[in-house]
Colleague: 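Input: one structure, supplied below.
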Number of protein chains: 2
Amino acid sequence: MENLRYHYKYPHPNVTTDCVIFGFDGNKLNVLLVERGLEPYKGRWAFPGGFLNMDESAEAGALRELQEETGLKGAYIRQFHTFSDPNRDPRERILSVAYYALVRLQEVKGGDDAVKAEWFSLDNVPPLAFDHDEMLQMALKEMRKQIHFEPIGFELLPKKFTIKSLQQLYEAILNVKFDRRNFYNKMIHLGLLDQVNHDDENDVKEINFKFGPLEIDASFTRKPRRDALLYTFNAKKYEEMKQKGFKLEF
Amino acid sequence: MENLRYHYKYPHPNVTTDCVIFGFDGNKLNVLLVERGLEPYKGRWAFPGGFLNMDESAEAGALRELQEETGLKGAYIRQFHTFSDPNRDPRERILSVAYYALVRLQEVKGGDDAVKAEWFSLDNVPPLAFDHDEMLQMALKEMRKQIHFEPIGFELLPKKFTIKSLQQLYEAILNVKFDRRNFYNKMIHLGLLDQVNHDDENDVKEINFKFGPLEIDASFTRKPRRDALLYTFNAKKYEEMKQKGFKLEF
DNA sequence: GCAAAAGTGTTATCATTACACCCATGG
DNA sequence: CCATGGGTGTAATGATAACACTTTTGC
């Protein structure tokens, strides 16, 4: 009992942040899961997360966890819900402020070797610990909603990408199919894309993960007969358009 | 020190829920504020809220607070953000899980007399306590976003309403003007409205508040030459349409 | 009968959808 | 030279925006 050093007049819940990390493998949307090494739910997969420090905001906590798991600093994260069921954690009353993150698989180096982490494609996600199944569904829903208003998809692609891969990404996220020509026309006319040449040596290249059995779909790397043009996302143009008010829909 | 009865191995933050309560007076969007009777920020206006009980979810806590302040049970509420800056409350580390509520002004009876509560139109909101200014802005932004996808506006109107008042509501929320005829056409063709007759005695009537100096704009109650048709929102039809997938935009 | 607000339709414009042809390249 | 995927345009369709006339009713 000696180590119960923190005293309060009223009971306090504890608070964690959890992070649903989305990555795109060129074909499907993936999430990064870690295997729990401790009870409760030992051996089950869950989203990376952990207790909030007393001197950090929830966002800072989520970014810290994210860096610990993926090595990424300053990734794109977004708070989408706080889970607060009194019984969601069997240990004590714990709220979780949940974020989703959009990261480039290509840049994920892997973190701590202490935790076993693995990418799972969305149609292959195992049963998760705590209320993380619900967390995933809500993250997906919110992310799909957001992509109607903001070009967040670009966070998931390499800096330089083809329109085809952009289309595959949108199709994977929204679970729909677009006509190749209409998608191209819309994208070009939006003016958010800058064409770039791909003389640069380190463009798409091989993707080398330390994480589990992720197989990059061949269609992402197979050499087509004709090289596709590469584009980048013009964030400045986007900001301009946002000032004037516009809708970005798919 | 004897009353510090709750002991933890690690420090715990405290958690509140706060509720941005929106109401429509027929002309402008209003929020319900309470005057703080205690330090910190004594005398400043703030959103109703309070500490989360250990056995209730954040949503249950927000509904409880809402009922205490407005007398409304089971109102429409929606979680939109958790505020977590470590210094947002000078007393101790406190997170706030924030909700917005959409209520019918007509049905708000007022709660506890202990607290001074008042409606403020959006262009007349005083400086608020804590980070509640930011809270208001975010609530507005999220609510405006949501109204593009779901007909939440109906929560703010009486059960029976005219298309004109529905238009005024949308204009107040989105801060735009619509062509009266186009708005009418769109609404009618959407099929979400059922026409009802207004032989019922207790329809719109007088609005009688116990709250502050709210003045209902005369245009809401002034008798026009010709009675406008009354409509109700057809929730069943809405659910049907949602199944089939549709977009509700304005 | 006229002023004020309500109900409603028609056309022009713009965005979305469906669809097809030519080009570049590696084998 | 041909198979494969890439770049791009055009016509039909549907949605949104602009706009005006008629009806009701209290005075």
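Since the model is a prediction, treat every value here as computed from it, not as a measurement.
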Colleague: Got a list of protein N/O to nucleotides 21-24 of chain D N/O distances below 3.5 Å?
Modeller:
from, atom 1, to, atom 2, distance (Å)
D:dT23, O2, B:R226, NH1, 2.8

Colleague: In whole Å, what is the span from the NE2 atom of A:H189 to the P atom of D:dG7?
Modeller: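 Interatomic distance, NE2 of A:H189 to P of D:dG7: 14 Å.
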Colleague: Run the side chain to side chain contact (heavy atoms under 4.5 Å, CB included) test against B:D131 and tell me which residues pass, sequence neighbours left out.
Modeller: B:F83, B:R88, B:E134, B:M135
Colleague: When you check the side-chain N and O atoms of A:S96 and A:D18, is any donor under 3.5 Å from an acceptor?
Modeller: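 Yes, A:D18 and A:S96 have a side-chain donor paired with an acceptor closer than 3.5 Å.
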Colleague: Would you call the rings of B:F149 and A:F149 parallel, tilted or perpendicular, where under 30° means parallel and over 60° means perpendicular?
Modeller: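 Rings of B:F149 and A:F149: perpendicular, as their planes differ by over 60°.
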Colleague: Looking only at side-chain atoms of B:L229, point me to the closest of D:dG6, D:dG9, C:dG7.
Modeller: C:dG7
Colleague: Does B:N182 make a side-chain donor-acceptor contact with the base of D:dA18, cut-off 3.5 Å?
Modeller: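 It does, because a donor-acceptor pair links the side chain of B:N182 to the base of D:dA18 below 3.5 Å.
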Colleague: Taking the inter-plane angle between the rings of A:H132 and A:F47 on a 0 to 90° scale, is it parallel (under 30°), tilted (30 to 60°) or perpendicular (over 60°)?
Modeller: parallel
Colleague: What's touching nucleotides 13-15 of chain C from the protein side, N or O pairs under 3.5 Å?
Modeller:
none

Colleague: Can a donor-acceptor pair be found, under 3.5 Å and without considering hydrogens, that links the side chain of B:R78 to the backbone of B:Y100?
Modeller: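 Looks like no, no N/O pair under 3.5 Å.
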Colleague: Between the base of C:dG9 and the side chain of B:N185, is there a donor and acceptor pair under 3.5 angstrom?
Modeller: yes
Colleague: A:K164 has a side chain; which of D:dG6, C:dC19, C:dG9 sits nearest to it?
Modeller: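 Out of D:dG6, C:dC19, C:dG9, the nucleotide with an atom closest to A:K164's side chain is D:dG6.
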